[in-house]
J.: 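Please see the structure below; I have some questions.
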There are 4 protein chains.
Amino acid sequence: MTDRQDYRFSSDNTAGICPEALAAPIEANSGRSAGYGHDAQTRRAVAQLRELFETDCEVAFVFSGTAANALSLSALCRGYQSIFCHEFAHVETGECAAPEFFSGGSKVIPVPGPGGKMHLAEFERALGRGRGFHFPKPGALSLAQSSDWGTLYHPDEIRALAAVAHGHGVGVHLDGARFANALAVWRERGPYSAAELTWRAGVDVLSLGGTKNGMLTAEAVVFFRKEFATDFELRVMQAGQLNSKMRFAAAQWSALLKDGAWLRHAAHANAMAAQLAAGLGSIPGLRLLTEAETNMVFIELSPAAAAAMHARGWRFFKFIGDHGYRLVCAWDTRPEDLQEFLSDLRRVITV
Amino acid sequence: MTDRQDYRFSSDNTAGICPEALAAPIEANSGRSAGYGHDAQTRRAVAQLRELFETDCEVAFVFSGTAANALSLSALCRGYQSIFCHEFAHVETGECAAPEFFSGGSKVIPVPGPGGKMHLAEFERALGRGRGFHFPKPGALSLAQSSDWGTLYHPDEIRALAAVAHGHGVGVHLDGARFANALAVWRERGPYSAAELTWRAGVDVLSLGGTKNGMLTAEAVVFFRKEFATDFELRVMQAGQLNSKMRFAAAQWSALLKDGAWLRHAAHANAMAAQLAAGLGSIPGLRLLTEAETNMVFIELSPAAAAAMHARGWRFFKFIGDHGYRLVCAWDTRPEDLQEFLSDLRRVITV
Amino acid sequence: MTDRQDYRFSSDNTAGICPEALAAPIEANSGRSAGYGHDAQTRRAVAQLRELFETDCEVAFVFSGTAANALSLSALCRGYQSIFCHEFAHVETGECAAPEFFSGGSKVIPVPGPGGKMHLAEFERALGRGRGFHFPKPGALSLAQSSDWGTLYHPDEIRALAAVAHGHGVGVHLDGARFANALAVWRERGPYSAAELTWRAGVDVLSLGGTKNGMLTAEAVVFFRKEFATDFELRVMQAGQLNSKMRFAAAQWSALLKDGAWLRHAAHANAMAAQLAAGLGSIPGLRLLTEAETNMVFIELSPAAAAAMHARGWRFFKFIGDHGYRLVCAWDTRPEDLQEFLSDLRRVITV
Amino acid sequence: MTDRQDYRFSSDNTAGICPEALAAPIEANSGRSAGYGHDAQTRRAVAQLRELFETDCEVAFVFSGTAANALSLSALCRGYQSIFCHEFAHVETGECAAPEFFSGGSKVIPVPGPGGKMHLAEFERALGRGRGFHFPKPGALSLAQSSDWGTLYHPDEIRALAAVAHGHGVGVHLDGARFANALAVWRERGPYSAAELTWRAGVDVLSLGGTKNGMLTAEAVVFFRKEFATDFELRVMQAGQLNSKMRFAAAQWSALLKDGAWLRHAAHANAMAAQLAAGLGSIPGLRLLTEAETNMVFIELSPAAAAAMHARGWRFFKFIGDHGYRLVCAWDTRPEDLQEFLSDLRRVITV
């Protein structure tokens with residue numbers, strides 16, 4: 001047993017800050033400027049995001065992904081309404097009931113679907129749940145792109161789900177904690193743009209992740225339907241999420257968007273995950289649980305194998321069922337990290 | 001009229017990041033480590049804070065001062081209870097009802113007192129408000145050190161207020177957004193230590209400010225009475241305030257505590273404010289509204305003078321009554337800033 | 001000292017149920033009907049209320065006045081907004097922060113004014129409180145008719161306050177726990193109708209009291225601006241305020257509205273209070289604190305006199321300052337009750 | 001198609017008020033007494049309930065079953081905690097997210113189990129859900145006796161579930177909206193007493209239903225573990241659930257408990273349901289979905305049969321899956337009601 005605690009594959013949150021994000025505050029640190037986002041740097045970052053999404057969206061910066069999601073959802077739905085998300089969505093499983101808290105009691109309704117993605121028929125069925133005023137009224141649909149299983153929604157899938165949602169008066173939220181990882185794939189595959197993945201497919205509000213891409217406390221909330229942004233600054237303030245020194249968050253976005261570092265980091269993480277998946281696929285008896293479309297790989301490990309890897313210091317989490325583990329690559333994953341992990345795993349499984 | 005927007009005296013939030021805080025994340029950025037504060041860097045910062053306060057306190061790091069206050073208060077009081085604070089406290093006037101929101105509906109009861117400080121007899125009177133179950137039951141006392149008018153509570157004043165609070169089963173919170181500015185004074189004057197200003201005087205929970213001292217999204221919540229810290233991590237998570245990359249916040253605290261930069265910056269800000277006050281005092285006809293004990297100066301300006309300063313680009317806020325303005329110094333205030341401001345003001349007032 | 005606990009003047013809530021309200025459930029108790037207000041009896045009561053108010057208002061029945069107020073206000077304002085009411089309004093002093101709880105954290109801002117009535121200039125001043133997003137945005141104005149000091153707003157006073165409110169995008173709520181008492185006066189004095197006292201003067205939502213008029217758990221919420229009634233049934237359900245056997249509440253309203261018993265009871269209570277005030281006025285050295293316009297009288301008593309009355313069994317509450325007591329008449333107050341009270345008081349004061 | 005809307009089997013809420021409950025307020029209506037439950041009548045009812053449960057429990061009266069449940073649960077668990085209940089429990093399906101609202105955001109976690117009853121192993125499994133602070137911490141277990149499918153928990157089943165709950169620091173709530181129906185069975189079958197069905201089996205708080213037993217807005221909350229009752233009056237007040245004229249609710253409880261009417265009504269409803277079930281069982285091709293242990297019967301109907309019954313005026317609700325309907329008997333169900341319903345159903349099914 002080792003004392004080593006190796007978090008290289010446990011989460012994209014365990015990675016450090018990417019060089020561009022680290023340099024940005026230094027550059028932004030000249031003199032004084034207005035607080036709370038009323039500064040030139042923030043205006044610049046907002047302009048860059050509008051350019052990225054090719055629309056005059058409203059943008060707010062908050063501190064964490066959980067806050068970005070919960071505040072977005074509270075703008076879409078009231079306490080007596082419901083939020084639909086995939087049963088394995090972060091909003092349901094990873095945020096300690098933040099959506100319920102921020103919205104004043106709304107009910108989060110988990111919807112099943114293969115591959116970590118919401119199934120259209122299951123969503124329609126879930127919309128029909130409950131009898132009249134005895135049950136919360138549908139308020140918001142929350143999808144994740146890429147999903148919490150690292151899989152991707154085709155723009156047409158989002159469009160179909162969003163159309164059903166809108167048909168029921170339900171607003172559409174996209175949890176884009178790993179939106180960059182998704183976009184990096186889709187602009188090759190489609191190609192599809194950021195706009196085509198979001199508002200052109202029916203997304204009303206996007207939580208746009210910075211943290212998992214290498215930034216420090218710099219999540220963005222992007223409103224494509226402006227009526228949902230009404231009084232959002234007050235909501236953010238009351239939640240203790242209004243950054244008094246917002247220019248330093250905005251500067252990171254500016255730096256990463258400027259020359260494409262944002263997508264480059266995401267593409268790198270995706271590529272590392274693909275290599276990892278390939279390596280894992282070559283280990284006899286090892287089962288991959290999903291297709292590694294973005295930066296995460298899910299494998300099945302026996303209790304013995306998991307314990308042995310743990311004893312060698314590796315830290316990674318059980319995510320699916322009783323034996324499904326998640327491995328995450330990030331902007332800083334190196335080929336040698338993959339080799340070390342695979343070599344340890346090969347040893348452990350052979351034994 | 002100029003286009004210049006000069007925020008040099010509008011708030012300590014408009015200042016940038018101090019060199020130590022800027023360097024800290026770079027140093028902490030080697031490799032991967034556990035997220036959410038379960039890392040060595042966070043343990044180190046917590047140990048340093050325990051040393052500073054000479055007690056085995058519980059420490060959490062959150063993103064903003066508003067969150068630090070509101071989460072602390074929600075740990076002290078339930079939704080059907082009340083929070084007592086000075087009528088000009090940030091908790092009452094500057095946080096968009098965050099305490100009410102986080103605690104699930106508690107009532108914030110403003111208490112008067114001269115110089116921005118709560119008066120003991122007024123607090124006792126406020127405790128007697130309401131008839132039985134018709135009115136929220138007293139839950140928390142929130143004091144600010146230094147106060148929102150830049151004034152200071154003597155440890156004995158805190159002790160007296162805390163004793164009354166505890167006698168009514170009321171927990172004591174200290175808003176220490178500018179605790180460093182207060183400590184920098186008291187360790188000269190008393191001398192009094194951080195412990196003597198807090199738990200030894202009866203404080204149960206402290207919001208310990210980093211932002212106004214030059215840090216980036218790194219506020220600390222320090223629990224001196226551990227029972228209030230129960231499940232605090234869950235509360236912080238649900239509020240979207242749990243920093244997944246907490247080591248970078250903790251590293252800033254480590255860096256600033258290590259060699260005393262924290263107090264050095266605060267003392268500098270205080271000294272600049274004293275110089276500013278002296279300069280203002282020498283302007284005929286100008287009235288200082290409070291004694292400048294820490295880093296803030298409050299002056300009375302005629303509408304004409306205020307407008308003229310505004311026209312010259314200076315941005316600062318009205319805080320007291322109809323003509324009372326606040327001027328704030330920070331770690332980065334330079335003597336030449338004072339000279340420029342005073343020279344403009346002299347010109348404006350003479351005219 | 002007696003063991004007697006005499007609540008005849010302590011509150012209109014200590015009165016029993018009036019004969020019409022007592023008979024109504026018996027009459028409504030034939031067979032089964034739809035629950036939750038979807039029954040013929042409820043439709044009939046709603047129709048009667050629409051006739052009373054001469055408009056196609058939306059009506060909901062809830063259990064208590066506190067719920068009627070808090071749910072109304074939560075329909076007018078969000079958690080990051082503020083509610084303005086008189087500093088001695090029930091909403092501020094008597095409901096244990098229910099408005100804060102139901103709305104998800106809104107701030108109740110007390111506004112002064114003589115005679116228990118909000119002063120227009122003070123309201124305008126209160127609307128100007130706070131700096132931007134640092135302070136809750138004005139959301140609702142709550143007036144009480146009759147006021148908690150038993151005084152009355154002239155329709156023109158309501159109109160002036162409502163106009164200012166609407167000019168700031170603020171909805172207008174009227175706490176009509178004692179609306180019948182007010183209407184009984186105004187339809188003589190003006191004469192002014194129920195419509196002229198409410199929506200024609202700018203009221204958007206009315207809490208219409210039944211309890212203080214002799215009913216049992218049958219408060220009505222009347223929406224004159226229908227957009228505020230959106231989803232109100234869900235809100236009421238989530239609050240546990242949706243009466244599954246609503247027909248029995250509605251039947252009481254029908255019975256009391258049918259032949260004017262509602263106003264007759266209120267007028268009786270008012271007349272008794274006038275007699276009480278006259279009797280009190282004839283006691284040398286006794287000071288009345290307000291004009292007894294409706295069913296409440298406020299007097300100043302020395303501690304000795306108050307204690308002596310208490311010793312004789314009388315129970316009534318301190319309401320104003322240190323020595324101001326409230327005496328309340330109701331539908332069941334009898335001339336002999338007045339005589340007994342006055343005779344005891346005369347004895348006590350003479351001594 | 002008829003215009004008739006026949007609610008005789010749709011819910012026990014569509015029944016009227018039983019004679020004892022109707023008479024009680026008339027008897028209690030003499031003179032004035034203290035409001036808000038501080039009266040002799042309320043003390044008497046509380047004493048009777050303590051006698052029934054053979055323990056010094058704390059009792060509060062609220063207006064509705066939803067409020068009784070949600071307020072009880074908010075006393076057991078905080079907003080960052082979770083509530084476990086059966087997936088078809090009223091708390092989950094019938095209260096419009098009231099538990100989430102009252103507790104400030106808690107997550108209600110549905111647990112499966114046959115016959116509408118929670119399965120022990122499934123509960124244990126549900127307790128293990130979530131990873132650390134990412135998921136709400138277990139706070140409360142809510143069982144229903146009788147269950148929402150009309151089935152019964154044996155005291156030993158409750159004991160086993162409660163033991164697991166307590167082992168995890170989780171409080172135990174019993175939704176007893178139909179507790180009388182359950183007790184009426186168990187005191188024959190065991191015999192088991194009210195105490196044996198509740199606190200002796202590990203129940204900490206009971207929502208004790210009056211409404212479904214023939215009362216009017218008179219639900220009781222019974223705390224067997226007194227620490228959970230701390231400040232409950234404030235919580236009830238803030239929720240607008242504190243009955244100012246509580247004596248009229250208490251009087252109903254007194255009247256129904258005095259001579260056993262409470263259990264007699266419940267036993268009658270149970271007997272009617274047994275007869276209904278027997279009658280339904282004799283219709284060829286008709287399937288009963290559960291054993292009719294108390295006052296509810298669940299049957300499967302084809303869409304055609306359901307529509308035909310609807311056309312004949314019968315109103316009853318779909319409860320289980322796509323074709324499972326609920327039929328409810330109450331204190332006022334008469335043998336001829338059964339005959340009419342069965343005769344219509346026979347006609348409809350034969351066709």
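Labels below follow one simple rule: chain letters A, B, ... track the order of the sequence lines, proteins then strands, and each chain is numbered from 1. Scope of the values below: all heavy atoms of this structure, side chains included, with no hydrogens, waters or symmetry mates.
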J.: Could you look at A:Met246 and say if it's the side chain, the backbone, both or neither that has a heavy atom under 4.5 Å from chain B?
T.: neither
J.: Taking side chain as everything from C-beta outward and backbone as N, CA, C, O, which of these in A:Phe248 sits under 4.5 Å from a heavy atom of chain B? Side chain, backbone, both or neither.
T.: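 The side chain, not the backbone.
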J.: Judged by atom type as modelled, is there a donor-acceptor pair below 3.5 Å linking the side chain of B:Arg315 to the main-chain atoms of A:Ser33?
T.: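 Side chain of B:Arg315 to backbone of A:Ser33, a donor-acceptor pair under 3.5 Å: no, none is there.
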J.: Taking all heavy atoms of B:Asn29 and all of A:Gly16, pick out the closest pair and write down the distance.
T.: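 For B:Asn29 versus A:Gly16, the nearest heavy atoms are OD1-CA, 3.1 Å.
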J.: Are B:Leu242 and A:Thr66 packed together at the side-chain level, in the sense that at least one heavy-atom pair is separated by less than 4.5 angstrom?
T.: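 No - every pair of side-chain heavy atoms lies 4.5 Å or more apart.
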J.: Is it the case that the side chain of B:Arg247 and the backbone of A:Thr14 share a donor-acceptor pair, with hydrogens and angles ignored and the cut-off at 3.5 Å?
T.: yes
J.: Return the CD to OG1 distance between B:Gln241 and A:Thr217, rounded to the nearest 0.5 Å.
T.: 10.5 Å
J.: Under a 4.5 Å heavy-atom cut-off, does chain A meet the side chain of B:Leu216, its backbone, both or neither?
T.: side chain
J.: Identify which of A:Val62, A:Asp6, A:Ile26 forms the greatest number of heavy-atom pairs closer than 4.5 Å to chain B.
T.: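 Sorted descending by pairs with chain B, the first entry is A:Ile26.
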J.: If you measure from CE on A:Met237 to CD on B:Glu95, what distance do you get to the nearest 0.5 Å?
T.: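 If I round to the nearest 0.5 Å, the distance is 6.0 Å.
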J.: Once rounded to the nearest 0.5 Å, what's the spacing between atom NZ of A:Lys245 and atom OG of B:Ser11?
T.: 9.0 Å
J.: Please look at A:Asn243 and chain B and tell me whether the side chain, the backbone, both or neither of the residue comes under 4.5 angstrom of a heavy atom of that chain.
T.: side chain
J.: By a 4.5 Å heavy-atom criterion (distance strictly below it), what part of A:Ile17 contacts chain B: side chain, backbone, both, or neither?
T.: both
J.: What part of B:Phe63 gets within 4.5 angstrom of chain A, counting heavy atoms only: side chain, backbone, both, or neither?
T.: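 Both backbone and side chain of B:Phe63 come within 4.5 Å of chain A.
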J.: Side chain, backbone, both or neither: which part of B:Tyr36 has an atom under 4.5 Å from a heavy atom of chain A?
T.: side chain
J.: Find the one option among A:Ala34, A:Pro19, A:Ala98, A:Ala330 whose heavy-atom pairs under 4.5 Å with chain B are most numerous.
T.: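 Among the listed options, the one with the most contacts to chain B is A:Ala34.
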J.: Select one option (side chain, backbone, both, neither) describing which atoms of B:Ala70 are under 4.5 Å from chain A's heavy atoms.
T.: neither
J.: With chain A as the partner, which of B:Gly35, B:Ser10, B:Pro25, B:Ala15 has the greatest number of non-hydrogen pairs under 4.5 Å?
T.: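 Looking at each of B:Gly35, B:Ser10, B:Pro25, B:Ala15 in turn, B:Ala15 comes out on top.
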J.: Below 4.5 Å, heavy atoms only, C-beta onward: do B:Thr333 and A:Arg32 meet side chain to side chain?
T.: yes
J.: About how many Å separate CG of A:Asp12 and OG of B:Ser244, when rounded to the nearest 0.5 Å?
T.: 9.0 Å
